[in-house]
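What follows is a short report on a single structure.
On a predicted model such as this, the values are computed, not experimentally measured, just so you know.
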Amino acid sequence: MSDTRSGAARRLEKVGELMREATPAASLQQHLEGRARLIASVEKIRKPSRARPRLVAFAFAAAVAASVLVVMRMRGREGTPIAWHVENGAASAQGYVSIPPTAPSARLVFDDGSDVALAPGSRGRVAATTPVGAEVVLEQGRARVHVQHRDHARWLVDAGPFAVRVTGTEFLVAWAADAETLDVWMRSGRVEVTGPVLGDALSLSTGQHLRARLHDGTVLIDGEPEPPEAAQVTGAINPPPAPADSTLVVPGVDVTGPASPVPTGPSWSKLVSSGDFARVVREADAEGVGHALASRPLGDLRALGDAARYSGNPALARRAYSAVRTRFAGSGEARTAAFLLGRVAEEQDHSNADAARWYDTYLAEAPGGAFAGDALGRKMVLVSKSQGRDAARPLATRYLQRFPGGPYAAAARDLAP
Amino acid sequence: MSPPSSARLLRIAGRAPSGHEHRAAPDGPSDVDLARLARDRDPRAATLVWDRYSGMVRAVLFRSVGPSHDVEDLVQDVFIGFFKNVGTLRDPSSLRPFLVGIALRTAHSALRKKRVRRWLHLSDDGTVPEVPSHDSDPRTREALQRLYVILDELPDRERLAFVLRHAEGHELTETASALDVSLATVKRMLQRAEAHVQTRAKDDDLLSDWTGGDDE
């Protein structure tokens, strides 16, 4: 009888297998077109019509109808996605642009006044355009991005697993796929960068440089000037700022804030969001770090920890995050602080054992937390490095079970194929 | 005896239906973050959610409604439904089952429309048209076509339960939850669906051969 049951189970399994194997994969074109359709649809949802479902007075009907007509006409004008073309190069039907290493840089020119210059040897594509912006993917190489500032402009530049959100600015972005390293040099304005190893979204402003390395999880913000090769990707509508505008600082030792003055009195969280880490640390020093750690509210402690971490001051970061954990034990921020302490231990103290312990702590306290994937992934990488592939395999299996599409999935599959 | 569920799920995950799942893989945000971005109407959300889950949603829809249906519009319906209703998602970590639930409702609606069309004779007397499968093996295409003729004979919810359990590799509890029925109900639905598929497949030479034949 059990044979009959297992035979039936096998046949059902075969049926499932037939259904799975016959499921067609979407073509790249289908994927991109589908995504562009969705972005356009979501944009409409994001700006819902304000027309009320019921009108209480018939007398208003004509006025409302007229208003709707006006809005529709305005929408009609606004509803056209930004057009673009390539100068010094050609785009494929899917929007791909590839620049041979020996060719001059090419420019993607958008009709809202924005442009993206791709350096020789770079590959990129325009994934989607909307009436208020575009999504540009830098698959490899370097690009100088200039986004014309407009109200409600929404631009996204994808570089590997990172996304740079832009409203109006000029910056240089580089993505080295083989080294899994992102670099962003800010020329003007402000951007927000998201992606693995960054934790929260990170704001960058004029003069700042971000380097994020996936393979070791390093994140560094400094004032490193643009590399000399950047001249190859100027092709700029706006000239790059004079050298005097860029402040050279020693990486990892100091961080210079934005050149523009910051209004007095903003909260530390706001200062961190605006990239002015140095000011947060200065204010904590002026107040007395011990006093600040003992008396400042939760948001300030977290901000101080972040500011110290980003400005290469692991000792202060550890103190701030530890204060979050002791003074606000049991809070979500306290759990997050465990993950961030792991980041500090790994990235700045280079203590893999401490880092792994903190990641364990975080996973135990917040198994479904926002950083659970990162904590498990980082721990898997650390164990693989320090104890070998066999020791890391169970972690890889666990990672794939929980985060099959996560940023460490490729590494996990390599460990547990 | 069925193989261990985790191994089964892993095996299925390894056969990700979309060739672009790997591109979505490096996306950093967790599902919790994605749900929050979507709820906050963050402009990045559409791209991130699409890259991570369009392959999964497309597969669920394709397997649910069958190869006679162009699923691209249905995939869009699912994601638009998601962005319209993400505010009702109470547990952000349940983003994936939330999407599966919307995909099932969309598939259910498509199946109902398909029946109406058939009743109205808008399609060719209810037969399944040529399968637009990526698989060039005509024997597999034929087997799939015959399988969906059998699945078309099932009530919609039993069919969806069967697809979730056997094609998507869902656990019984997940299947019950996705269909919003009790565990006992989903077991009964599956028993009926499995018995029907087994009996009909056994009578079909090609399917019987494909599934390993009568090996008791």
Is A/Ile39 close to chain B through its backbone or its side chain, or both, or neither, when contacts mean heavy atoms under 4.5 Å? both
Should the pair A/Glu365-A/Arg335 be classified as a salt bridge under the 4.0 Å nitrogen-to-oxygen rule? no
For B/Leu190 and B/Ala161, the nearest pair of non-hydrogen atoms, with its separation, is CD2-O, 3.5 Å
Chain A contact via B/Ile150 - which portion, at a heavy-atom distance below 4.5 Å: neither
Could you verify whether a donor N or O on one side chain and an acceptor N or O on the other, from B/Glu153 and B/His196, lie under 3.5 Å apart? yes
Yes or no on side chain to side chain donor-acceptor pair (under 3.5 Å) for A/Arg343 and A/Tyr359, after CA distance, side-chain angles and deciding distance? CA-CA 8 Å; A/Arg343 300 293 308 127; A/Tyr359 294 146; 3.0 Å; yes
So, the part of B/Asp73 with a heavy atom under 4.5 Å from chain A: the answer is both
What residue, out of B/Val32, B/Val197, B/Leu147, has the most heavy-atom pairs lying under 4.5 Å from chain A? B/Leu147
